[in-house]
S.K.: 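Below is a structure I'd like to ask you about.
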Amino acid sequence: MKFMKLGSKPDTFQTDGNNVRYVASELASDIVVSVGDIKFYLHKFPLLSKSSHIQTLISLNNEENVDEVQISDIPGGANTFEICAKFCYGMTVTLNAYNVIATRCAAEYLGMHEAIEKGNLIYKIDVFLSSSIFRSWKDSIILLQTSKSMLPLVEDLKVVSHCIESIANKACVDVSKVDWSYTYNRKKLPEENGIESNQNGLRTRLVPKDWWVEDLCELEVDLYKSVITNIKSKAVQSNEVIGEALKAYAYRRLPNFSKGMIQCGDVSKHRLIVETIVWLLPTEKGSVPCRFLLKLLKAAIFVESGDRTKEELVKRIGQQLEEASVSDILIQAPDGATIYDVSIVQNIVREFFMKNGNAEIESVGGDELEGIRKPGILSDASKLMVAKLIDEYLAEIAKDPNLPLPEFVNLAELVSSISRPAHDGLYRAIDTYLKEHPAINKGEKKRICKLMDCRKLSVDACLHAVQNERLPLRVVVQVLYFEQLRTAASSGTSTPDLPRGIKDLNNESNGSSRSGTTNPEDELDAVATAEELKALRKELASLRLSNGVGNNDKDGDNKPSMDKAVMSKVKGLLKSKKSFIKIWASKGGQGENSGSDSSESMSSANPEEAKSTPSRNRRHSVS
């Protein structure tokens, strides 16, 4: 640390009790200076020779025959006045980064200018600041920290602005010229820390680009904002380094920020820190990790930041949502009605589409959502990563017994336009929701199951689904049929088309409403019993051996007979229930005209995905 010694005489200031200070001298004191509760018994001549303010005060007191002057509002109080008084006496005083700013303000208050005496205290301090303090990295930061208590006087003296400029200039200097000490404790890879081998094979440590970020974390938020703003204005440091600085400040100044929460404390102070960091974020995408932005969003919600701050974070997160993990987007609901805030994740997903120019998601009446495709730069890999992320997120929020079905469905529909090779994650989420919400009605079960394409379930997922008594019978029949198609295709035959009977089974019948007072569709959407599931699996398993499986007929002549056999067996099993008797009776005379297009079935909830064939090589574990 830099320091400056002034004066040469020994320090003869003495203390008598807690409130009295005097100069040990043969000459009796002839003036009393009161600074707050402390009285200084001093001599007029040394003070008058260097302080214009004391000259004025003594001049006024002489007219009133009073030997005591009051100085109650001097910056720094009694301690800084004592330093100034010792300077007037020529006694040795030591100035450093901790006391120089307060002493400079006190000297200004006392009027210790060059006009009073050459080489006065203000001049000497200004020389010390420019020649030593402002040239030292750590001393400049200490000086800036101590200046906060001297506001606004220190701003009028331009000391703060000079100090900020000095810090910013050093932060932007070429790392090869950094030859001063700095704090750097963060763990990084060797190449990130600037460690490399020289020509002799010896490993040398270079200065990392973000060498300055930890020392600045000691600054209060308003001063930190001023420094970072100055650094950004020079356009020398990269956006990534600026982002690293903001990350370090957040982790240092926000308690428990690393755990995605903030300890109770000064909420207004923490709110100011969060909002300042958001305001300082570089505008370029990827300047900070998505995980950091999500932690900021959680902190902003906790400290009740303004809507503008939260909206800005939602937009930024949406631009790089593919980087997030499920734990990152599990944001606690502020109102406590549900465990997690699903609506804010919906907004993030919308921003993901809009900001990347891939699609706009607009509300089209009620809960329906429509994706308007636009050309963009969003890669298929990013879209698949976001789809997988939301599937996993849905599986987590489905565990909440208070989660309304519309929130689950609406979020799933936001990513329904993303064609993914497997729907195992979505199936897991749907199954979890059905398990945690056993009281939902048949229509709600039908709505949630329409999100899933049964043809995109892996073998393991199909095995789980056909044994899942929570699923409507309609879905079980679909899964069993597509299992048959998969088996037939694996034997070398072509993948058969969806039989018309299965299409009719999965769609609303034109004549079903006329078949009786009971709606057969309601029975069809009912949950299958264990016996029915067992019978369906047994019969369809036998069809694998008797129809198509192991048949090497290459011309496909066996396809109609196989479809006919499948339908015959399924119809025979389903006729055991009254609802299926009515369905088949109502459809029997309609032939090909009784069915509707398969695009409305659960297997075709997504028109784009209905065009693709199921992946036969991917296997997913479903638990």
Side-chain angles (χ1 to χ4, degrees), residues 314 317-318 321-322 324 326 329 331 338 340-356 358-374 376 378 380 382-398 400 403-434 436-437 440-457 471-472 474-475 478 506-507 525 598-612:
V314 166
I317 294 167
L321 181 58
E322 67 274 13
V326 177
I329 59 175
I331 302 171
T338 57
Y340 300 112
D341 191 342
V342 181
S343 61
I344 201 166
V345 176
Q346 291 179 353
N347 293 336
I348 292 173
V349 174
R350 291 188 181 98
E351 289 294 334
F352 171 76
F353 286 108
M354 289 191 293
K355 289 299 181 181
N356 288 281
N358 182 67
E360 287 184 357
I361 306 298
E362 298 180 343
S363 178
V364 191
D367 293 328
E368 296 184 11
L369 296 168
E370 178 183 345
I372 304 175
R373 305 290 293 181
K374 287 186 177 180
L378 188 60
D380 291 339
S382 295
K383 292 188 288 184
L384 286 175
M385 291 171 70
V386 169
K388 180 180 178 182
L389 172 69
I390 297 304
D391 287 348
E392 294 176 357
Y393 177 76
L394 289 170
E396 288 295 325
I397 65 174
D400 181 4
L403 179 68
L405 179 66
E407 290 196 15
F408 182 97
V409 173
N410 291 344
L411 179 57
E413 287 178 342
L414 280 176
V415 295
S416 63
S417 62
I418 301 176
S419 179
R420 42 221 199 257
H423 275 203
D424 286 18
L426 185 56
Y427 167 68
R428 186 182 296 110
I430 291 171
D431 181 50
T432 302
Y433 191 90
L434 294 176
E436 298 295 332
H437 303 79
I440 65 174
N441 59 42
K442 299 172 185 177
E444 291 173 328
K445 284 187 177 181
K446 181 177 179 180
R447 182 182 180 189
I448 193 173
C449 287
K450 288 177 75 171
L451 297 169
M452 175 178 59
D453 187 345
C454 294
R455 290 173 297 181
K456 293 196 172 186
L457 296 180
L471 294 177
R474 176 196 303 270
V475 179
Q478 274 191 296
N506 290 325
N507 292 294
D525 291 324
S598 61
S599 62
E600 293 183 9
S601 70
M602 286 170 291
S603 64
S604 303
N606 185 347
E608 286 187 9
E609 295 175 1
K611 298 177 183 179
S612 61

S.K.: With the side chain counted from C-beta on, respond yes when Leu403 and Tyr433 share a heavy-atom pair under 4.5 Å apart, and no when they do not.
M.R.: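 Touching, per the 4.5 Å side-chain cut-off.
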S.K.: Atom CG in Leu471, atom CE in Met452: separation rounded to 0.5 Å?
M.R.: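 Going from CG on Leu471 over to CE on Met452, the span is 6.0 Å.
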S.K.: How about Glu351 and Asn347: do any of their side-chain heavy atoms sit closer than 4.5 Å?
M.R.: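 Side-chain contact under 4.5 Å: no.
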S.K.: Could you tell me the separation between the CZ atom of Arg447 and the CG atom of Asn441, rounded to the nearest 0.5 Å?
M.R.: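 The CZ atom of Arg447 sits 11.0 Å away from the CG atom of Asn441.
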S.K.: Taking the side chain as C-beta and beyond, is there a heavy-atom pair between Leu394 and Ile430 under 4.5 Å?
M.R.: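 SC-SC contact between Leu394 and Ile430 ruled out.
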S.K.: Indicate yes or no: at least one non-hydrogen side-chain atom of Glu436 is less than 4.5 angstrom from one of Asp400.
M.R.: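 When only atoms from C-beta onward are counted, Asp400 and Glu436 do not touch, as no gap falls below 4.5 Å.
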S.K.: Can you check side-chain contact (heavy atoms from CB on, under 4.5 Å) on Tyr393 and Leu411, steps first, answer last?
M.R.: CA-CA 10 Å; Tyr393 177 76; Leu411 179 57; 3.4 Å; yes
S.K.: Working to the nearest 0.5 Å, report the span between CG of Asp391 and CZ of Arg428.
M.R.: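 Reported value, rounded in 0.5 Å steps: 9.0 Å.
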S.K.: How close do Asp424 and Leu457 get, counting heavy atoms only, and between which atoms?
M.R.: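 In terms of heavy atoms, the two residues are closest at OD1-CA, 3.5 Å.
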S.K.: Can you name the nearest heavy-atom pair linking Ala395 to Thr432, along with the distance?
M.R.: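 Residues Ala395 and Thr432, closest heavy atoms: O-CG2, 3.8 Å.
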S.K.: At their closest point, which heavy atom of Ser419 faces which heavy atom of Leu384, and how far apart are they?
M.R.: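 That closest heavy-atom pairing would be O-CD2, 3.3 Å.
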S.K.: Looking at CZ of Arg350 and CD1 of Ile348, how far apart are the two atoms once the value is rounded to the nearest 0.5 Å?
M.R.: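 Nearest 0.5 Å value for the CZ-CD1 distance: 11.0 Å.
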S.K.: Side-chain contact, heavy-atom cut-off 4.5 Å: Glu322 with Phe352?
M.R.: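 The answer is yes, as the side chains (C-beta and beyond) meet within the 4.5 Å cut-off.
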S.K.: Quick one: NZ on Lys445 to NE2 on His437, what's the gap to the nearest 0.5 Å?
M.R.: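 One finds 12.5 Å between NZ of Lys445 and NE2 of His437.
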S.K.: Hey, what do you get for CD1 (Ile390) to CD1 (Ile397), rounding to the nearest 0.5 Å?
M.R.: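 Going from CD1 on Ile390 over to CD1 on Ile397, the span is 8.5 Å.
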S.K.: Looking at side-chain heavy atoms only, is the closest gap between Ser416 and Leu451 below 4.5 Å?
M.R.: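 Answer no - side chains too far apart.
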S.K.: Would Lys383 and Asp380 count as a salt bridge (Lys or Arg N to Asp or Glu O under 4.0 Å) if you check the C-alpha gap in whole Å, the side-chain angles of each, and the deciding distance to 0.1 Å?
M.R.: CA-CA 5 Å; Lys383 292 188 288 184; Asp380 291 339; 3.3 Å; yes
S.K.: What pair of heavy atoms forms the shortest contact from Ala387 to Ile418, and how long is it?
M.R.: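 Here Ala387 and Ile418 meet closest at CB-CG2, 3.9 Å.
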S.K.: Given side-chain contact (heavy atoms from CB on, under 4.5 Å), test Val342 with Phe408 step by step and report yes or no.
M.R.: CA-CA 8 Å; Val342 181; Phe408 182 97; over 6 Å; no
S.K.: Any heavy-atom pair between the side chains of Lys456 and Leu426 that's under 4.5 Å?
M.R.: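 A side-chain contact is absent here, since even the closest heavy-atom pair is not under 4.5 Å.
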S.K.: Looking only at non-hydrogen atoms, find the nearest pair between Phe353 and Leu414 and report the distance.
M.R.: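 The pair with the smallest heavy-atom distance is CE1-O, 3.3 Å.
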S.K.: Report yes if the side chains of Val409 and Glu444 come closer than 4.5 Å at any heavy-atom pair, otherwise no.
M.R.: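 Side chain of Val409 against side chain of Glu444, heavy atoms only: no contact under 4.5 Å found.
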